[in-house]
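Okay, so here's the structure we're looking at.
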Amino acid sequence: MALILRPYQQDAMSQIEHVWEGGVSRALLVLPTGTGKTECAKHAIRNASRPLAMAHRTSLVEQLSERLDCEAISVQALRARMRSGLPLLWQPDLVIWDEVHHADSPDWQQVFDYLGDPRMLGLSATPWRFDHGTDKKTRRKNARYGKGLGDFFKAMIIGITPRQAVQSGYLVPLRLLDLVAAENEHARRAGKALPYKGGKIGAGDDARIDVLDAWTKYGEGRKTMVFCHLVEAAEQTAQRFNAAGIPANVVHGKLPKAEAKARLQAFKRNEYRVIVNV
C-alpha cells in the first residue's frame, strides 16, 4: 500500500526536499508526538539507496528498523566502531536521526563527523536541550535556558503545532487536571505530605497524591499509562492497582526486551487496564 501523507506532512517534506536540493544537507523536522514523524521518514527514504536510521537507545533501534524497513544502529554502537578505528560498513546516502534533541553532546558530535556529509533528517518534537552543550563554558547556562540544535542542522521545518493538530482533529484534545494543587493542602492537613528537601526522591517520598485514589476519582475506568520516577515506585504503584482488582503491570528499561514487548502487547489486548512505566 502506497504511503499517503497528511497535508501538513506533505508540506513539511516538500520544504525539506527543497532545502536538500538547495545544498543544505542537514534538515531538522519538528512534529509533535503522535503526528507522524516516522511516516515522514518513510517518505524521505523512498528515493534513498543506502538509508541508515540512528537512535540514542538500543531498545529503539529494532523499532526503527521495522517501521522504516531499513538498516538501523544505535549511536553507542557506531561510536564503538569509530573508537576502534574501523571504517563505516557502507557510506549511507541518507541518515535518519530519531529523537535528535539528544544530539547536542560531544559524543553525538563525533558521530556526526564520522558519518561525513550525506543528507540527514533529524526528527524531534522538542528541538532543544537543557543539560548538554559542546562548549563547557556555556553548559551551565544551557541547563537553565536551553540550547538549540543550530550547530548540527542548518534548516528547521515545523510541520504543525500541537494546538493546530488538535484543532484539525489529528490529536485528541487534552483535559489537564492539576492534582497536586488540588490535593496538596488536603494531604498536608492529613499529615501525608512529606517536604522535599533536595537530593534524590525515594520511591515513597512524595505522598501528597495517591495514584490509585486519583485514578478512581478522575480516571473513569479508562485504560491508563502511569509514569513513575523509579522502578521501585513503579512496582509499588502496579501492586496497589492489582490489590484493588485493577489489572496492572510495569515496563522499564531493565526488563529484557522480549518481556517488555510482551507486556505492552498484553496492554494493547486489554489484559491490563493500567501500565506503569519509568
Side-chain angles (χ1 to χ4, degrees), residues 32-34 55-64 66 74-76 98-99 101-102 105 124-126 129-132 143-144 162 171-278:
T33 301
H56 72 292
R57 291 178 183 269
T58 304
S59 59
L60 297 177
V61 170
E62 184 178 342
Q63 297 177 35
L64 264 183
E66 290 178 357
S74 70
V75 174
Q76 294 87 340
D98 191 34
E99 305 289 353
H101 45 270
H102 293 278
S105 70
S124 180
T126 53
R129 287 289 289 180
F130 287 101
D131 58 348
H132 278 170
R144 180 175 179 183
L171 292 180
V172 297
L174 299 178
R175 181 163 59 100
L176 177 64
L177 302 175
D178 191 346
L179 300 180
V180 172
E183 304 288 344
N184 188 45
E185 180 61 20
H186 174 74
R188 185 186 67 79
R189 292 185 180 185
K192 292 183 178 180
L194 297 177
Y196 175 54
K197 298 179 180 179
K200 293 185 177 180
I201 304 175
D205 284 353
D206 189 348
R208 291 175 298 179
I209 298 172
D210 182 88
V211 177
L212 177 59
D213 289 346
W215 186 84
T216 303
K217 185 175 180 180
Y218 301 106
E220 300 172 358
R222 294 186 181 95
K223 283 181 67 176
T224 301
M225 297 180 69
V226 177
F227 293 85
C228 289
H229 64 296
L230 294 173
V231 172
E232 183 184 0
E235 291 174 342
Q236 290 178 6
T237 299
Q239 288 170 7
R240 288 224 55 211
F241 276 98
N242 283 310
I246 302 161
N249 211 333
V250 177
V251 290
H252 52 77
K254 295 181 180 180
L255 283 175
K257 288 192 293 184
E259 178 62 22
K261 184 175 182 179
R263 293 184 185 186
L264 289 172
Q265 291 297 328
F267 181 61
K268 291 180 180 179
R269 294 192 301 268
N270 298 320
E271 294 177 21
Y272 305 122
R273 297 303 298 160
V274 175
I275 195 78
V276 189
N277 72 92
V278 184

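Atoms considered below: every heavy atom in the structure, side chains included; atoms not considered: hydrogens, waters and symmetry mates.
- K223 is not listed as a side-chain neighbour of V274, based on a closest heavy-atom distance of 4.5 Å or more.
- In this structure, E99 contributes its side chain and A55 its backbone to no donor-acceptor pair below 3.5 Å.
- To the nearest 0.5 Å, atoms CZ (F267) and CZ (R273) are separated by 8.0 Å.
- Nearest heavy atom pair, residue V278 against residue A234, reads CG2-CB, 3.7 Å.
- Atoms CG and OH, from N242 and Y272 in turn, are 8.5 Å apart once rounded to the nearest 0.5 Å.
- Taken from NZ in K261 to CD in Q63, the straight-line distance is 8.5 Å, to the nearest 0.5 Å.
- Nearest heavy atoms, S124 versus H101: OG-ND1, 2.8 Å.
- The OG1 atom of T237 sits 9.5 Å away from atom CG of L212, with the distance rounded to the nearest 0.5 Å.
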Does V276 form a side-chain contact (heavy atoms from CB on, under 4.5 Å) with N249? I'd like the steps, not just the answer. CA-CA 6 Å; V276 189; N249 211 333; over 6 Å; no

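- To the nearest 0.5 angstrom, F227 atom CZ is 4.5 Å from N277 atom CG.
- With contacts defined as side-chain heavy-atom distances shorter than 4.5 Å, the pair V211/V226 qualifies.
- Residues A260 and V251 come closest through the heavy atom pair O-CG1, 4.0 Å.
- For residues 234-260, every residue pair satisfying the salt bridge (Lys or Arg N to Asp or Glu O under 4.0 Å) rule, not counting sequence neighbours, is listed here: E62-K257, D210-R240, E259-R263.
- Closest heavy-atom contact between G34 and L171: O-CD2, 3.9 Å.
- Of the inter-residue distances, the one linking Q236 atom CD with C228 atom SG reads 9.0 Å to the nearest 0.5 angstrom.
- Summarising the local packing, NZ of K268 is surrounded by 12 or fewer heavy atoms from other residues, nucleotides or ligands at distances under 6.0 Å.
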